2 protein chains.
Amino acid sequence: MEELKLRVKELENELIKCRQNQNQSAQNMPVYRPKIGQMSAEVSDSNPYSRLMALKRMGVVKDYERIRSFSVAVVGVGGVGSVTAEMLTRCGVGKLLLFDYDRVELANMNRLFFQPHQAGLSKVEAAQHTLRSINPDVTFETHNHNITTLDNFNHFMERISHGGVEEGAPVDLVLSCVDNFEARIAINTACNELGQVWMESGVSENAVSGHIQLIIPGETACFACAPPLVVASNLDERTLKKDGVCAASLPTTMGVVAGLLVQNVLKYLLRFGTVSHYLGYNAMQDFFPSMSMKPNPHCDHAHCRRQQEEHQRREAERPREEEVVVVEEEVVHEENHWGIEVVSEVTEEELNASSRPLPDLPEGITVAYTLPPQDSAEGLTVQETEESLEELMARMQQI
Amino acid sequence: MEELKLRVKELENELIKCRQNQNQSAQNMPVYRPKIGQMSAEVSDSNPYSRLMALKRMGVVKDYERIRSFSVAVVGVGGVGSVTAEMLTRCGVGKLLLFDYDRVELANMNRLFFQPHQAGLSKVEAAQHTLRSINPDVTFETHNHNITTLDNFNHFMERISHGGVEEGAPVDLVLSCVDNFEARIAINTACNELGQVWMESGVSENAVSGHIQLIIPGETACFACAPPLVVASNLDERTLKKDGVCAASLPTTMGVVAGLLVQNVLKYLLRFGTVSHYLGYNAMQDFFPSMSMKPNPHCDHAHCRRQQEEHQRREAERPREEEVVVVEEEVVHEENHWGIEVVSEVTEEELNASSRPLPDLPEGITVAYTLPPQDSAEGLTVQETEESLEELMARMQQI
């Protein structure tokens, strides 16, 4: 009897201690703020939208609330993609679709967003958890898979076509924040087929340059129209080309590229300022080259050529308004056949040695791949193989 | 007896449930990674420094490890300052000193870094908690006070002079991430007196432009040498000048400015690339004006003039090496007297109406304040008052 009474006392004390601990833990847990039905411009400390709605009073944006009507797909939730998703979440975008198949690692901690306690979690799940606690008004949809496999690619196409704010409508924009050529080609293929506007982003392997690019199928050059453009960093590239070297990265360069990307997204969706077609960032010199590029009529992508025809038909049918003057440079090469070398940048010797005419590029922008000279034994020359970029790429993956 | 037995059973069950909950909570709590004694270039998923140390192999930075020998003071831990502190933390800087007197509010959630569950906490405490869990190798020192009051200013001076990685040595750099003129003048005063190199940053009230500026006392223009330079946003400024309007802000612009600032910090501390003296960001046009400005020999600040003399003496004594060609534009006005109007930008009419000669500025950069025409009844004309910028500012605060 006494023993039992003692045991009850003991247990009660244990339970009190446990509950105290639990309360303390709860205080350190993220407290989700309640959802907000309508964006308000009210100037108060507790209104997370006051500084955004102020863009209207400042004469920058006409109707900021429209941000809630847009759905954006972010492919790749790494150094650029995670910050991109966070910026869009804080801006109060309607819906975000996140695609990635990677896990968070401590080796990612030199970039913004992920934290050491998330190591081991899938990037899309960890990102969703953080983003939802930052802004519960955004709808999130996550896909923990690699979009380049056949099944996943079809699923990706399906979600782009139907993942709008109102299920069934297409998304408004696709953002490529991936770190490899294969995934970019997959996004390009899907967007060409669907006529889906997208923006591409990239950061160099030496971490000191990057770029963003707007691709409107049929209207601006697609990713297969020309060799991918990158920003020259004016560094000795020989170091870069060594095999098995781990790429460098910096939170600064990736933060700047994500910022320029999402700024371009806001300008495109909310219709203010000038939307950039191609904007580069050379961190060594703080130089920001920009340009515009028309699609290549001989593009390898049949869907790109179809989109070009449709665009031209639409343009011809459109009632002529004022002429909009845009500096555009057409790609000047007869055929779109490129021998591919996997290097992040091209040296001057290689540019000179290349046998093919290259696009006329502004200072500071160069191509990521060149065609080796005709007599070169190295590289794959397309005259012999007649393979497409994707087939070449697939072969290269096997090498 | 039976009752007591039942009670024991009941309590045991409660305790098990409570402990299960506690375990679950523990799993969601930040797990601090252990400290790392020496930065390693080893390519492994668990090495948070692998992608930074790769900058050496890439030929960008000679000795990245030196980052640990630097102490940086960040004044203002808001939209720009918090991201600045996070980038430096992830880069593995030796020590960070954070100064701010503000609390986190839900109204800050449209910018990166702070989260809703931190609302109500002091910014420096909340920032330190997050940053320490991101990188426990960094030493943090926080000051929850306003540096512009007399006592706090003296304490600020003391910490800049002695808050190095080795206590007693000065910090290596001061970063101004504040949002008001008064705090900038305080930082300028302290750094002129101490000969402390600092960088200034700013974002416009309409959220679509910003800038960074490097100030080496005696060598480049200080904050009192000329009216502060801002980036023209080519928007109608009339909206901006209305009284009592809450400033707009965007995570994009602030992220880009923080990224450009910390990139400049890395280039300055680790000696790579070209360190920018003044770099602007016009988000409407994606335009990035840059310039350099020599100090004004007639600067109001006695300590600035002293630093100029000391710099000239050092230059004269220095053995002549190669001539370094830097595009520098001297401020061309006889006296440094400015009537101050609190506006974020200056219209063309105001520039034309200004009676004083203005610095010859490159396209896209303009002054934040102009001197009204001599016959103007508005504004404070210095000829009558002979007040310094600080005195004028103090008077304006009272108006």
Side-chain angles (χ1 to χ4, degrees), chain A residues 4 7-8 11 14-15 18-19 21-22 25 30-31 33 43 45-48 50-52 54-55 57-60 86-87 90 105-107 109-110 112 115-117 133-134 206-208 235-236 239-240 245-246 248-249 251-252 255-256 259-260 262-263 273-274 276 279 283-286 288, chain B residues 4 7-8 11 14-15 18-19 21-22 25 30-31 33 43 45-48 50-52 54-55 57-60 86-87 90 105-107 109-110 112 115-117 133-134 206-208 235-236 239-240 245-246 248-249 251-252 255-256 259 262-263 273-274 276 279 283-286 288 290:
Chain A
L4 271 173
R7 178 78 183 132
V8 165
L11 280 168
E14 283 295 310
L15 195 58
C18 181
R19 283 188 172 150
N21 281 337
Q22 204 173 15
S25 299
V31 174
R33 70 156 171 80
V43 181
D45 284 347
S46 61
N47 178 7
S50 59
R51 307 292 200 266
L52 295 165
L55 289 165
R57 275 195 308 259
M58 295 282 169
V60 177
E86 180 175 351
M87 286 176 172
R90 291 185 183 265
E105 307 288 357
L106 282 183
M109 292 308 133
N110 68 319
L112 296 179
Q115 300 206 5
H117 70 90
S133 83
I134 290 172
N206 61 12
V208 287
L235 277 174
D236 185 348
T239 343
L240 221 71
V245 166
C246 140
S249 58
T252 46
V256 169
L260 297 176
V262 179
Q263 198 83 284
T274 309
S276 280
L279 175 64
M284 297 296 273
Q285 272 85 37
D286 279 338
F288 302 80
Chain B
L4 271 173
R7 179 75 184 134
V8 166
L11 280 168
E14 282 296 308
L15 195 58
C18 181
R19 286 191 169 148
N21 282 338
Q22 204 174 17
S25 299
V31 175
R33 70 155 171 81
V43 181
D45 283 347
S46 61
N47 178 6
S50 59
R51 308 292 200 264
L52 295 165
L55 289 165
R57 276 196 307 259
M58 295 283 171
V60 177
E86 180 174 351
M87 285 175 173
R90 292 185 184 264
E105 305 289 357
L106 282 183
M109 293 307 133
N110 68 320
L112 296 179
Q115 301 207 5
H117 70 90
S133 83
I134 289 171
N206 63 11
V208 286
L235 278 173
D236 186 347
T239 343
L240 222 70
V245 165
C246 140
S249 58
T252 46
V256 169
V262 179
Q263 199 82 284
T274 309
S276 280
L279 176 63
M284 298 296 274
Q285 272 85 36
D286 279 338
F288 301 81
S290 67

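Naming convention: chains lettered A, B, ... in sequence-line order (proteins, then strands); numbering from 1 in each chain. What you see is a predicted model; the values in this text were computed from it and never measured.
- The residue among A248(B), G259(B), G255(B) with the most heavy atom pairs within less than 4.5 Å of chain A is A248(B).
- With rounding to the nearest 0.5 angstrom, the CZ atom of R90(B) is 14.0 Å from the CZ atom of R51(B).
- Among all heavy-atom pairs drawn from R33(A) and P116(B), the shortest one is CB-CB, 4.5 Å.
- Heavy atoms of N47(A) lying under 4.5 Å from chain B belong exclusively to its backbone.
- Of the listed residues (I134(A), D45(A), T274(A)), the one with the most heavy-atom contacts under 4.5 Å to chain B is D45(A).
- Of the two parts of L279(A), only the side chain, counted from C-beta on, holds a non-hydrogen atom closer than 4.5 Å to a non-hydrogen atom of chain B.
- The minimum heavy-atom distance linking V60(A) with N206(B) is given by the pair CG2-O, 3.6 Å.
- Side-chain contact between N110(A) and P48(B) is absent, with no heavy atoms from C-beta onward closer than 4.5 Å.
- Ranked by heavy-atom pairs shorter than 4.5 Å toward chain A, the options P251(B), S50(B), A207(B) are led by P251(B).
- Put simply, of R7(B), E86(B), Q263(B), the one with the most heavy-atom pairs under 4.5 Å next to chain A is Q263(B).
- At least one side-chain heavy atom of Q115(B) sits less than 4.5 Å from a side-chain heavy atom of S133(A).
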